[in-house]
Amino acid sequence: MLDKTYQPAEIEPRMTEKWEAEGAFRCGRPDRRGAEPYTIVIPPPNVTGSLHMGHALNNTLQDALCRFERMRGRDVLWQPGTDHAGIATQMVVERQMAEHQEPDRRAIGRDKFLEKVWSWKEQSGGTIINQLKRLGASCDWSRERFTMDEGLSKAVVEVFVTLHEQGLIYKDKRLVNWDPKFQTAISDLEVVQVEATGSFKWDSSSGEDLDLAALNKLLDKNPSGHMYHFRYPLSGDPTRFIVVATTRPETMLGDTGVAVHPEDERYADLVGKTVRLPLVGREIPIVADEYSDPEKGTGAVKITPAHDFNDFEVGKRHGLERINILTAEAALNDEVPEAYRRLDRFRARKQIIGDLHALGLLAKIEPTTHTVPHGDRSNVVIEPWLTDQWYVNAAELAKDAIAAVENGRTRFVPENWSKTYFEWMRNIEPWCISRQLWWGHQIPAWYGPDGHIFVARSEAEAQAQARVHYGTSTAIARDPDVLDTWFSSALWPFSTLGWPDETPEVARYYPTSVLVTGFDIIFFWVARMMMMGLHFRQEVPFKDVYIHALVRDEKGQKMSKSKGNVMDPLVMIDEYGADALRFTLAAMAAQGRDIKLSKQRVEGYRNFATKLWNAARFAEMNECVRRRDFDPRSVEETLNRWIVGETEKAAKAVTAGLESYRFNEAAGAAYEFVWGVFCDWYVELSKPILMGDDEPSIAETRATTAWVLDQILKLLHPFMPFITEELWTHMVEHGEARQNLLALAQWPVLDGLHDQKAADEIGWVVDLVSEIRSVRSEMNIPAGAKVPLVIVGADKAIRARTGRHEETVQRLARLDDITFAKAAPKGAAVIVAGDTTAAIPLEGLIDMEAERKRLAKEIAGAEGDLSKMNAKLDNPAFVAKAKPEAVEETKERKAELEGIIKRLSAALKRIEQ
RNA sequence: GGGCGGUUAGCUCAGCGGUAGAGCACACGCUUCACACGCGUGGGGUCGCAGGUUCAAUCCCUGCACCGCCCACCA
């Protein structure tokens, strides 16, 4: 016997255990041996992570697909695992060490530090996996992988070495985005632009004093947001100046040139001359370069080739010196005059402004709005810094990856995301893959004493290479750097399957069926998997890429830990159950829009779960036991013929929704069927039969109810796995508890169950009952009062139909009697439902004035609609050009409205007489 | 500067060529034998603005306004 209420907290862990015990989610189960595989690789969450709403959405959708396909008989592999998340993890552990007042990583050394990270990973790395299980994720947990597993690390080395051999990975000295907090290079994608606006204004020509103290105070809060104009004196004529503008004063110490536009007449005579760089004393040339924009600033631009991406290029064109003036911590180094050495960049900024002002070389300060690059993890200002790093020739690898989407081998859903993908891929820059971190895959490169590089699959191999190269065995040292986390993530679709070994899993489950992810990692991850998958497997990593919305907070902001606006899915699960949360996310996952999640919505779907639970209780209480030989095609009761047809419709809608990644439509169709059709009507309409004495009808209705509930449980299972699995075991068959799992049951494939006659007849009952209820409510007939009903002017067919559903209509509309008459009695409320006119003759009980108004309003409404129909039909162009179905529909609607108006008008006339 | 998306009921959002929908909220009435996490009924929208295409436009096209996001640039 089912409990009175549904208790998710009690049921969920039991179901998880049950699935686990049965190995329900294992791929390659014996019963699926000949089946077509269906593969999804999970976007591996960071080991440091805990489940946030984005994960909840992402995994709910993947799980819905996996459960759906599993029930459709596919051999499903949902490959789980976690990502080592280089910077993020190293940051967490370092922060923890600091909190415990332990010595920092440099103090304890690389090996000790890595030991600590590993032990931290062992301890808390499983958190998110357990949270995914709580969500109900049907991953093949026996195959869990970690990006730094031995096997996956082997794949990383293999890919690195191969790409290096092919010339697609190389080492280069160029400007990189340098993160002074973590003291590592980062890729372009890890840089976020943050807008800065200043407020300080000063102009030397105004004659006012510069309030340096005020400026410095401002700069302490926000060092950016101002444009400074400096006077650089011309060599040989210190009374003449060229004025340059900059938002980063401290970089002037590294200036090695000034550029003006070749056609800028203001400066034409200065090109080829030099200026004496203030504070430094260096003679630097004035060059003509198109990069300089006469419209911007003063038209003359200072060139700092070692600290600005554009200046780097200008410098290259004119052979300007590159002077690196910064340390790894972004303090000034020994290349600058003594006074500035060791100063932090922002302190140096203030210092230089002051010093230039003292020399009378500061012309102007104006507030400006500009963007400043920040590290996405560190949140500190990024410095362009000249270093040696490893790069991937992404442009080369992108060729096949672009083609694969162009020719549809991989398809984005919704389709327009392919534009975003193309846009980035067609303008791709070399990918900087080395990181000056410790946690990650150490680069398999070794250096000889003269700096010669040996890239190899192992140290022994590198040594062998060195021996050949030097002719004698020579000491080599490994590159201390590790690879960008996304390098290993890029291999995830095949590295998790055992590659580089040619395992049976690679052969069977690659390429994967679909990748489900958010648009924020199209560049980071999707693009790179495409490149690597195609290069190493000559096959796309996934056929579809389903891009879902981002879950935002109620203000529409991206939820993030740093913003502190996260809504914890686990709290929601505790409060409302995993099924309710999942259903909410699926129901809101319409394509192409962000999801603003509200608690109320989750509560609403929790109520839905309860509704389902109680429908099952109803079935149980009425002994609705499924018959093994039950064939929905053979039911005879009109009501049952109707509901099996409706079930087919619902099954088709849910199936179509899931097949096309329209999760909201699938969930919505299931919801409407369960609540709006099955509970609201079928259950109510079945009560007279179940409580009657027609044994064959009772038996058929019980069996039908049980069958429909079975279909409902199946249709809802992808969204609400826990409650449906639990109820499934309660749906007995032949008095025996069910043995098989719903998770492995067969998805409903229904056809040929629609019966138009049954649909019309039940539709009539529903209309009639609804109309009576409406009139009762509007006429303020007490809800408890039973009233008689008179069917007016009924023909044979209506009489027969009424006879067949008399009891039902009486019960649902709270009637005590149904009779027939030629005309409506006096003082009655009149109802029109389809072709049927009925009256509630309660003279005295109802207010005839109110009834007159009600009828008048209904007539007016119908006449409004009718005139629209007439206008259409009177338009010759409509009749001539519109689709015949549209014309036909309009005519039918017109006739229907005319009938309603006629009968309502007759009723109104009687009152007015 | 380039690109993408949004503007529909009080709120959050579906719909996207032919009678405007849901959930929540609101109002009224209900111990109707599964369910008050419920049942019944109802109010509430000139579908951002202006043009155009079409027999017909919330839906397609163009322009505009505002909002959001992505990319690039920023002396």
Side-chain angles (χ1 to χ4, degrees), chain A residues 2 4-6 188 193 227-230 243-248 259 291-293 295-303 308-311 368-372 416-417 419-420 423-424 427 519-520 522-523 550 552 554 556-558 576 580 584 587-588 590 592-601 603-622 664-665 668 671-672 676 679-680 683-684 687 691 769-770 773-778 780-784 811-814 865 868-869 872 875-883 885-887 889-890 893 897:
Chain A
L2 286 169
K4 178 115 197 236
T5 53
Y6 160 57
D188 299 344
Q193 301 294 337
M227 182 83 78
Y228 306 86
H229 293 240
F230 297 155
V243 180
V244 296
T246 182
T247 53
R248 305 189 50 206
Y291 164 68
S292 181
D293 182 349
E295 309 279 304
K296 279 183 183 167
T298 60
V301 57
K302 61 192 269 314
I303 301 297
D308 182 280
F309 289 101
N310 288 309
D311 293 6
T368 186
T369 298
H370 62 127
T371 56
V372 184
N416 63 329
W417 286 111
K419 265 194 182 174
T420 304
E423 189 63 25
W424 190 70
N427 298 295
F519 63 81
D520 52 332
I522 290 179
F523 306 145
L550 241 45
R552 295 175 186 275
E554 61 281 350
Q557 283 195 308
K558 190 172 167 176
Y576 300 112
T584 307
M588 295 183 81
R593 222 205 282 222
D594 294 336
I595 295 178
K596 280 185 220 163
L597 197 59
S598 85
K599 211 172 146 167
Q600 279 187 329
R601 200 76 192 251
E603 191 178 322
Y605 291 117
R606 185 275 317 266
N607 297 350
F608 175 60
T610 307
K611 187 76 180 173
L612 173 67
W613 185 263
N614 280 292
R617 283 185 71 220
F618 170 83
E620 191 183 43
M621 291 164 77
N622 285 283
N664 60 318
E665 289 182 12
Y671 181 96
E672 167 56 24
C679 291
D680 283 351
V683 165
E684 294 305 324
K687 283 175 181 173
M691 283 157 204
V769 168
S770 299
R773 282 171 171 171
S774 174
V775 168
R776 287 181 62 119
S777 179
E778 280 187 53
N780 292 318
I781 297 171
R811 185 192 145 81
L812 296 189
R814 318 220 83 205
D865 286 350
K868 276 191 223 160
M869 299 306 130
K872 274 187 172 187
N875 178 357
F878 173 71
V879 182
K881 293 188 180 175
K883 283 178 294 185
E885 306 94 84
V887 177
E889 251 173 58
T890 309
R893 177 81 182 132
L897 286 166

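Fair warning: this is a prediction, and the values are worked out from it, not measured in the lab.
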Partners of [X] by salt bridge (Lys or Arg N to Asp or Glu O under 4.0 Å), sequence neighbours excluded?
X: A:R248; result: A:E250, A:E383
X: A:K611; result: none
X: A:R893; result: A:D865, A:E896
X: A:E672; result: none

Among B:C73, B:C35, B:C4, the one nearest A:K296 by side-chain distance: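 Shortest atom-to-atom distance from the side chain points to B:C73.
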
Side chain to side chain contact (heavy atoms under 4.5 Å, CB included) partners for A:S777, two or more places apart: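 Partners of A:S777 under the side chain to side chain contact (heavy atoms under 4.5 Å, CB included) test: none.
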
Listed partners of A:E684 passing side chain to side chain contact (heavy atoms under 4.5 Å, CB included), at least two apart: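 Per chain and number, A:E684 pairs via side chain to side chain contact (heavy atoms under 4.5 Å, CB included) with A:K687, A:R811, A:L812.
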
Look at the side-chain N and O atoms of [X] and state whether any lies under 4.0 Å from the OP1 or OP2 oxygen of [N].
X: A:K419; N: B:C4; result: yes
X: A:N875; N: B:A56; result: no
X: A:K599; N: B:C24; result: no

Name all residues meeting the ring-ring contact (aromatic ring centres under 6.0 Å, His included) criterion together with [X]; count only those two or more places apart in sequence or in a different chain, and write none if there are none.
X: A:Y576; result: none
X: A:F230; result: none
X: A:Y228; result: none

What contact category does [X] fall into here, base, sugar-phosphate, or nothing, at under 4.0 angstrom with non-hydrogen atoms?
X: A:E423; value: nothing
X: A:Q193; value: base
X: A:T890; value: nothing
X: A:R606; value: base
X: A:Y291; value: base
X: A:N427; value: nothing

Taking the [atom1] atom in each of [N] and [M], what is the distance between them to the nearest angstrom?
N: B:G42; M: B:G6; atom1: C1'; answer: 32 Å
N: B:G15; M: B:U7; atom1: P; answer: 10 Å
N: B:C60; M: B:C47; atom1: P; answer: 15 Å
N: B:C24; M: B:G52; atom1: C1'; answer: 39 Å

Could you run down the sub-3.5 Å N/O contacts of the protein with nucleotides 42-45 of chain B?
{"from": "B:G42", "atom 1": "OP1", "to": "A:S774", "atom 2": "OG", "distance (Å)": "3.0"}

Under 3.5 Å: donor-acceptor pair, side chain of A:R776, backbone of A:R814: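 Yes; judged by distance alone, with no hydrogens or angles, the pair exists.
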
Atom-pair distance ([atom1] on [X]; [atom2] on [N]), nearest Å:
X: A:F608; N: B:C39; atom1: CZ; atom2: P; value: 12 Å
X: A:Y6; N: B:G38; atom1: OH; atom2: C1'; value: 18 Å
X: A:R773; N: B:U41; atom1: CZ; atom2: P; value: 6 Å

Stems where RNA chain B pairs, listed by first number, each of three or more Watson-Crick or G-U pairs under 3.5 Å: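 Consecutive-pair runs (3 or more) involving RNA chain B: B:1-7 with B:65-71, B:10-13 with B:21-24, B:26-30 with B:38-42, B:48-52 with B:60-64.
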
Protein-nucleotides 32-34 of chain B N/O pairs closer than 3.5 Å?
{"from": "B:U32", "atom 1": "O4'", "to": "A:R814", "atom 2": "NH2", "distance (Å)": "3.3"}
{"from": "B:C33", "atom 1": "N4", "to": "A:R811", "atom 2": "NH1", "distance (Å)": "2.9"}
{"from": "B:A34", "atom 1": "OP1", "to": "A:K687", "atom 2": "NZ", "distance (Å)": "3.0"}
{"from": "B:A34", "atom 1": "O2'", "to": "A:N614", "atom 2": "OD1", "distance (Å)": "2.9"}
{"from": "B:A34", "atom 1": "O2'", "to": "A:R617", "atom 2": "NH1", "distance (Å)": "3.0"}
{"from": "B:A34", "atom 1": "N6", "to": "A:C679", "atom 2": "O", "distance (Å)": "3.1"}
{"from": "B:A34", "atom 1": "N6", "to": "A:E684", "atom 2": "OE2", "distance (Å)": "3.3"}
{"from": "B:A34", "atom 1": "N3", "to": "A:N614", "atom 2": "O", "distance (Å)": "3.1"}
{"from": "B:A34", "atom 1": "N3", "to": "A:A615", "atom 2": "N", "distance (Å)": "3.4"}

